[in-house]
Q: 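Have a look at the structure that comes next, please.
Order of listing sets the numbers, starting from 1, for every ligand and every atom in it.
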Amino acid sequence: MIAYLNGEYLPPEQACVSPLDRGFLFGDGVYEVIPSYDGKLFLLNEHLDRLGRSLAAIRLPDPMPDGGWAEMLERLLQQNPGADRSVYLQVTRGAAPRDHAFPGQATATVFAMVSPIAPQGPAVAGAGVSAITAPDQRWGRCDIKSVALLANVLARQQAADHAAVEAILLRDGLLTEGAASNVFVVTNGVVRTTPLGPAILPGITRAFLLGALRAEGRDCREEPVPEVELRAADEIWLTSSTKEVLPVTRLDGQPVGDGRPGPVWREALDRYRQERYRLMHGSAGRDVTHD
Ligand code: PDD
């Protein structure tokens with residue numbers, strides 16, 4: 001694997017970051033995960049817009065303005081051939097003597113690497129996945145894609161301890177999102193997901209899926225989902241750049257709906273893949289790479 005660090009393309013073992021890096025000491029940085037299918041980055045501009053918003057929110061000047069990101073990411077993908085992959089990229093405020101306030105002078109650290117995207121196998125369509133619920137113990141700016149993910153890490157580990165793939169987070173009796181995904185619920189054919197705001201990450205997959213479903217007339221609402229309605233939902237889905245649209249069929253050990261992936265999920269995944277194919281290939285068709 002070839003990674004990118006501060007202008008160089010090199011094996012990750014040879015990439016060195018100072019222990020004084022503020023990403024290491026304070027979690028002072030932001031990141032993105034961008035999927036790539038057939039060698040093409042999917043929704044790159046949307047991801048770069050969100051990166052720009054995260055950088056602005058933490059008052060870190062963009063270290064690669066003027067199209068530098070796209071060029072670097074394309075070059076990195078070319079050096080890591082493979083099928084479906086995701087690019088992880090992070091920007092931190094760089095190395096400086098340890099002090100919480102911003103350093104007078106520091107050069108941002110830019111790191112990127114490529115990982116395979118595990119295809120959603122037939123087992124998922126047949127059985128779905130398990131999730132648990134957990135209290136949302138994160139900070140008040142979950143809309144910033146910060147590398148400081150300790151609360152997410154603890155929630156995901158709690159899920160892993162229960163052999164579940166995700167922790168679905170609850171705050172003040174309402175659904176927020178997953179530890180590393182957005183959450184959708186379906187009740188009587190109506191699709192609902194938490195509205196945008198500081199309590200959730202504005203997921204790129206979330207927005208794309210909402211657009212795809214609304215375009216075909218599905219009733220989709222961005223409104224708060226109380227915990228009782230989450231637990232009574234006919235279907236629950238997780239979305240993210242690496243998960244696509246994943247059906248949750250067990251929540252805290254109880255079946256969701258009839259305990260099998262639901263018909264609206266099937267339609268949603270099909271729509272999502274069709275729209276992705278259309279966007280990436282400029283024509284209608286079916287993206288069969290994950291079936
Ligand atoms: N996580 N909410 C949280 C807390 C997330 O970490 C993610 C993605 C999402 C979904 O966003 P998107 O559709 O833009 O991927 C929602 C990435 C994949 C990660 O941390 O690996």
Q: Which residue holds the protein heavy atom closest to atom 21 (O) of ligand 1, what is that atom called, and what is the gap in Å?
A: Val33 CG2, 3.7 Å

Q: What protein heavy atom is closest to atom 10 (C) of ligand 1, reported as residue, atom name and distance in Å?
A: Asn182 OD1, 3.6 Å

Q: Check whether any side-chain heavy atom of Ile132 lies under 4.5 Å from a side-chain heavy atom of Leu251, and answer yes or no.
A: no

Q: So how far is it from Asp136 CG to Arg171 CZ, rounded to the nearest 0.5 Å?
A: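 With rounding to 0.5 Å, CG (Asp136) is 4.0 Å from CZ (Arg171).
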
Q: May I ask which of Lys145, Glu32, His47 has a heavy atom nearer to atom 1 (N) of ligand 1 than the others do?
A: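 Checking each option, the heavy atom nearest atom 1 (N) of ligand 1 is found in Lys145.
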
Q: Which heavy atom of the protein is the closest neighbour of atom 2 (N) of ligand 1, given with residue, atom name and distance?
A: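 Looking at atom 2 (N) of ligand 1, the protein heavy atom closest to it is Glu177 OE1, 2.7 Å.
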
Q: Pairs of nitrogen or oxygen atoms closer than 3.5 Å, one from Thr242 and one from ligand 1: do any exist?
A: no

Q: Start with the C-alpha gap between Ser181 and Glu166, add the side-chain angles, then the distance that decides, and say whether side chain to side chain donor-acceptor pair (under 3.5 Å) holds.
A: CA-CA 8 Å; Ser181 57; Glu166 182 60 303; 2.7 Å; yes

Q: Do me a favour and list the nearest non-hydrogen protein atom to atom 13 (O) of ligand 1 with residue, atom name and distance?
A: Thr205 OG1, 2.6 Å

Q: So, 4.0 Å and heavy atoms of Arg50: is ligand 1 close enough to count as a contact?
A: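 Arg50: in contact with ligand 1 (<4.0 Å).
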
Q: Would you mind checking if Arg231 and Asp252 are paired as a salt bridge, meaning a charged N to carboxylate O distance below 4.0 Å?
A: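 Counted as a salt bridge, because a side-chain N and a carboxylate O are separated by less than 4.0 Å.
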
Q: Using a 4.0 Å cut-off to any heavy atom of Ser240, which atoms of ligand 1 qualify?
A: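 Matching atoms, with element in brackets: 10 (C), 13 (O), 15 (O).
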
Q: Any atoms of ligand 1 less than 4.0 Å from a non-hydrogen atom of Gly203? List them with their elements.
A: 11 (O), 12 (P), 13 (O), 14 (O)

Q: To check your reading of the model: name the closest protein heavy atom to atom 6 (O) of ligand 1, its residue, and the distance in Å.
A: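 Among all protein heavy atoms, the one nearest atom 6 (O) of ligand 1 is Ala180 CA, 3.4 Å.
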
Q: May I ask whether Phe208 places a heavy atom under 4.0 Å from ligand 1?
A: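 Not so, Phe208 does not reach ligand 1.
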
Q: Using a 4.0 Å cutoff against the non-hydrogen atoms of Ser181, which atoms of ligand 1 qualify?
A: 2 (N), 3 (C), 5 (C), 7 (C), 9 (C), 16 (C)

Q: With heavy-atom distances below 4.5 Å as the criterion, would you say the side chains of Phe26 and Arg93 are in contact?
A: no

Q: List ligand 1 atoms under 4.0 Å from Ser241, heavy atoms only on the residue side.
A: 12 (P), 13 (O), 14 (O), 15 (O)

Q: Less than 6.0 angstrom separating the ring centers of Tyr88 and Tyr31, yes or no?
A: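 Yes, they do, as the ring centres are separated by less than 6.0 Å.
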
Q: So is Ala179 touching ligand 1 or not, going by heavy atoms under 4.0 Å?
A: yes

Q: Can Lys40 and Asp38 be counted as an ion pair, charged N to O under 4.0 angstrom?
A: no

Q: Got a salt bridge between Glu222 and Arg206, using NZ or NE/NH1/NH2 to carboxylate O under 4.0 Å?
A: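 Yes, Glu222 and Arg206 are salt-bridged.
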
Q: Show the atoms of ligand 1 that are less than 4.0 angstrom away from any heavy atom in Gly178.
A: 4 (C)

Q: With heavy-atom distances below 4.0 Å as the criterion, list the atoms of ligand 1 near Tyr31.
A: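 So the answer, numbered in order with elements, is 6 (O), 19 (C), 20 (O).
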
Q: If the threshold is 4.0 Å, N to carboxylate O, is there a salt bridge linking Arg53 and Glu32?
A: no

Q: Would you say Cys142 touches ligand 1, if touching means a heavy atom closer than 4.0 Å?
A: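 False for this residue.
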
Q: Is any NZ, NE, NH1 or NH2 atom of the basic residue among Arg192 and Glu229 found under 4.0 Å from an Asp or Glu carboxylate oxygen of the other?
A: yes

Q: Do Arg75's NZ or CZ and the ring of Tyr4 fall within the cation-pi criteria of under 6.0 Å and 45°?
A: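 Judged by the rule, Arg75 and Tyr4 form no cation-pi pair.
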
Q: Considering both backbone and side-chain atoms of Arg138, is one of its nitrogen or oxygen atoms within less than 3.5 Å of a nitrogen or oxygen in ligand 1?
A: no

